[in-house]
Amino acid sequence: MRLPVTSVESVGAAIRAVRKVSGIRQDDVPGVSHVFLRDLEKGKDTVQFGRVIKVLEELGIRMVLELPESQAEAVTLVMGKYLPNVSTQHTRILKKEGE
């Protein structure tokens with residue numbers, strides 16, 4: 001299922017839905033406090049993005065960025081400078097998702 005990310009609130013709602021369907025309590029998500037998770041699920045704009053990624057990972061939610069295909073080659077080259085160990089992996093994922 002694909003869900004457009006339009007706000008912190010849309011991410012929070014998806015996280016809450018997956019957590020509820022999975023029968024996981026807020027205080028059972030490792031690595032973050034129930035207060036952080038509550039704020040995230042309510043769409044608080046100031047949540048720390050690194051911690052959001054951790055919650056997504058713990059719940060098995062995968063976030064994918066869809067980049068303009070017209071810039072894919074240039075973006076791949078630039079990403080290689082910043083993320084030399086994972087740029088190839090990201091390129092493969094982006095191409096599979098975008099095709």
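All figures in this text were calculated on a predicted structure; none of them were measured in a lab.
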Point to revise | Nearest heavy atoms of A72 and T76, plus distance in Å | key: O-OG1, 2.7 Å
**Study point:** Spatial distance of atom CG (D27) from atom NE2 (H34) [nearest 0.5 Å]
**Key:** 7.0 Å
Review point. In the single-linkage hydrophobic clustering (I, L, V, M, F, W, Y; side-chain heavy atoms under 4.5 Å), do M63 and M79 co-cluster?
Key: no
Check your understanding: What's the spacing between Q26 CD and K20 NZ if we round to 0.5 Å?
Key -> 7.5 Å
Exercise for review: Determine yes or no for a side-chain-to-main-chain donor-acceptor pair under 3.5 angstrom, with S22 supplying the side chain and I24 the backbone.
Suggested key: no
Counting only pairs under 3.5 Å, give me each side-chain donor-acceptor contact of residues 46-61, with atom names and distances, residues two or more places apart or in other chains.
none

Revision key, fill the gap. Looking only at heavy atoms, the pair that brings P4 and S10 closest together is O-OG, 4.0 Å
Practice item. Is it possible for you to say whether L77 and V75 belong to one hydrophobic cluster, with membership spreading through side-chain heavy-atom contacts below 4.5 Å? Key: no
Practice item. Kindly indicate, with the supporting measurements, whether the criterion side-chain contact (heavy atoms from CB on, under 4.5 Å) is fulfilled by R2 and E66. Key: CA-CA 12 Å; R2 286 183 168 220; E66 290 188 26; 2.5 Å; yes
**Study point:** Beyond-backbone contact of E9 with K42, side-chain heavy atoms, under 4.5 angstrom
**Key:** no
Practice item. For the residue pair V29 and R19, establish whether any side-chain heavy-atom pair is separated by less than 4.5 Å. Key: yes
